[in-house]
Protein chains: 2
Amino acid sequence: MDKFKIAIVDDHQLFRDGIHSLLSKQDNFEVVISSENGKDFFKKLKKGILPELLLLDLTMPEMNGFEVLLKLKKKYPRIKAIAISMHDDGNYIMQSIRGGAYGYLLKNADEEELLLAIDTVLKGNKYFNQEISQRMINIMSLEGVSPKKLSPKEMEILKLIADGQTTKEIAQKLFISTRTVETHRNNMMKKLEVKNTPELINKAAQLSLL
Amino acid sequence: MDKFKIAIVDDHQLFRDGIHSLLSKQDNFEVVISSENGKDFFKKLKKGILPELLLLDLTMPEMNGFEVLLKLKKKYPRIKAIAISMHDDGNYIMQSIRGGAYGYLLKNADEEELLLAIDTVLKGNKYFNQEISQRMINIMSLEGVSPKKLSPKEMEILKLIADGQTTKEIAQKLFISTRTVETHRNNMMKKLEVKNTPELINKAAQLSLL
DNA sequence: AAAAGTATCCGTATTTATACGGATGTTTTT
DNA sequence: AAAAACATCCGTATAAATACGGATACTTTT
């Protein structure tokens, strides 16, 4: 009976080797690609080596995991990716899911959980443990009913506010009217559903906008 | 020639085994303790098994790495600890150092760096790589010249401010005068060296006070 | 092409924060 | 025991944010 083909993309060889070693002990898995970066991975895909599942580190130099996810979704939509990250930050998790990840694991997951995640995703399901799910819920509730992005100008003004600048100081710095600054501030408050500026800064920090 | 005695404390067996395996390949190291928690570790120390160096996970259930550090410093000051963590947050790093850690590694460090850290610390030096050092510097500059802790009342008020409450609302909620709230806010701003409330919230978020 | 978003700016008014200064009494630290 | 920190509260004044409302023109999205 054929084994499931697995790919690993991670810039740390120690980690890749550890996973490779673990999966080699299983009867039903075979590591067919072990790449240290996304470019190498796609190069191997192009050669016709197609895994069913990818274990993907998010934090890599040059081409990060999110970029790999997006490209994978476009070019090889049948390959299912499980994101693996050091970061338990809800924003990372949400970005992975929006990028098409089928699962999310922290790098300190034990081998039992790793194998369970692989099994779950190979069956076509998504894998997020209790803690990860909780963080997703937290971020979703933080983002509000209809999450909205801040415009470039809003981001610029947000940072200046967070740095302690007053509306007058920001207006002078950006060569715009104080009323313009007020309008942007008000629009941000509406977008993030907060009632005043301290809460805006707090929420922006929680959403990793700062 | 005698080997250096190393202890490992981490709740993930996969990680402990990986480190154990790696160190076993080295001629000059010997893993004498491999514990899944601090309690087991101290129990083994009590039996007279004394390593020169400890590789210590910070995030563990029940007795976390910081508690282990503090107890180690008191009871076995000759044992040098290297903190190992998923978190690259400067606050974790600073807390480790203040707790007596001789080094700090991220869990995704490669084997070369791990061995270098161990060597460095066994020689009596401290090991912090460039990135970790940078984060320390960032936090130190955030904390200002003379870092001050916020009092319990200040913390309470800080959270309410971050939640979008006005001075009047906080006063009503805590059954104190608005002037009292104003004084606390002003004192916090002085302690954290900021110029207004948005900057206070931003800095508090950066210092993980929220 | 139409709608929505972005970036700009305004009048008027009220609320809130900040800035000076001050104070007392209790608790904790030195 | 003395000093410092904490928690409480005040008068007066100014600055800043917020709250209502409104607007134009350009760019992007639908």
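Lettering of chains follows the sequences in order, A, B, ..., and the numbering in each one begins at 1. All values derive from a computational prediction rather than experimental measurement. Scope of the values below: all heavy atoms of this structure, side chains included, with no hydrogens, waters or symmetry mates.
When the nucleotides C:dA17, C:dT6, D:dA16 are ranked by their closest atom to the side chain of B:Thr167, C:dA17 comes out on top. In the set D:dA16, C:dC10, D:dC9, D:dC9 carries the atom at the smallest distance from any side-chain atom of B:Ile176. Nearest nucleotide to the side chain of B:Arg179, out of D:dT12, C:dT12, C:dA17: D:dT12. The B:Arg185 side chain lies nearest to C:dT18 when the options are C:dT18, D:dC10, D:dC6. Among the nucleotides C:dA7, D:dT18, C:dA17, the one closest to the side chain of A:His184 is C:dA7. You'll find that the side chain of A:Glu182 is closest to D:dT18, out of C:dT16, D:dT18, C:dC10. When the nucleotides D:dC10, C:dT8, D:dA17 are ranked by their closest atom to the side chain of B:Thr183, D:dC10 comes out on top. In the set C:dA17, C:dC9, D:dC6, D:dC6 carries the atom at the smallest distance from any side-chain atom of B:Lys191. If you check D:dA19, D:dA7, D:dA17 against the side chain of B:Ser151, the one that comes closest is D:dA7. For B:Lys153, whose side chain is taken as the heavy atoms from C-beta onward, the closest listed nucleotide among C:dC9, D:dT8, D:dC9 is D:dT8.
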Report the C-alpha separation of B:Tyr104 and B:Leu58 in whole Å, then their side-chain angles, then the decisive distance to 0.1 Å, and conclude whether the side-chain contact (heavy atoms from CB on, under 4.5 Å) test is met.
CA-CA 10 Å; B:Tyr104 195 97; B:Leu58 289 182; 3.7 Å; yes
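For the OP1/OP2 pair of C:dC10 and a distance below 4.0 Å, the side-chain nitrogens and oxygens of A:Ser177 include at least one atom meeting the criterion. In this structure, A:Thr180 reaches the C:dC9 phosphate: one of its side-chain N or O atoms is under 4.0 Å from OP1 or OP2.
Salt-bridge annotation for A:Glu199 and A:Lys203: absent, with no side-chain N of the basic residue lying under 4.0 Å from a carboxylate O of the acidic one. Looking at B:Lys153 and B:Glu156, a side-chain N of the basic residue comes within less than 4.0 Å of a carboxylate O on the acidic one, giving a salt bridge. Comment: B:Lys123 does not engage B:Asp119 in a salt bridge, judged by the lack of any side-chain N to carboxylate O separation of less than 4.0 angstrom. Contact check on A:Lys173 versus A:Asp163 returns no salt bridge, with no Lys/Arg side-chain nitrogen under 4.0 Å from an Asp/Glu carboxylate oxygen.
Nucleotide C:dG5 holds its P atom 14 Å from the CG atom of A:Leu150, rounded to whole Å. Summarising the geometry, the separation between CE on A:Met188 and P on D:dA19 is reported as 14 Å, rounded to the nearest angstrom. When rounded to the nearest whole Å, the span between NZ of B:Lys168 and P of C:dT15 equals 8 Å. Summarising the geometry, the separation between CD on B:Glu154 and P on D:dT8 is reported as 10 Å, rounded to the nearest angstrom. The separation between A:Ile157 atom CD1 and D:dA16 atom P is 17 Å, rounded to whole Å. Atom C1' of nucleotide C:dT6 and atom CG of A:Leu174 are separated by 15 Å, given to the nearest angstrom. For the pair A:Met155 CE and C:dT6 P, the interatomic distance rounds to 13 Å; values are reported in whole Å. Following rounding to the nearest Å, B:Asn187 (CG) and C:dA19 (P) show an atom-to-atom distance of 13 Å.
Near DNA chain D, meaning a heavy atom under 4.0 Å away, the residues from residues 192-210 of chain A are A:Asn196, A:Thr197.
Looking only at side-chain heavy atoms (C-beta outward), A:Leu210 and B:Asn202 come within less than 4.5 Å of each other. A 4.5 Å side-chain heavy-atom check between A:Phe29 and A:Ile118 finds at least one atom pair inside the cut-off.
If you check the side chains of B:Glu62 and B:Asn37, you find no donor sitting under 3.5 Å from an acceptor.
Across all strands shown, B:Lys148 has no heavy atoms under 4.0 Å from either base or sugar-phosphate atoms. Heavy atoms of A:Lys149 sit nowhere under 4.0 angstrom from any nucleic acid atom.
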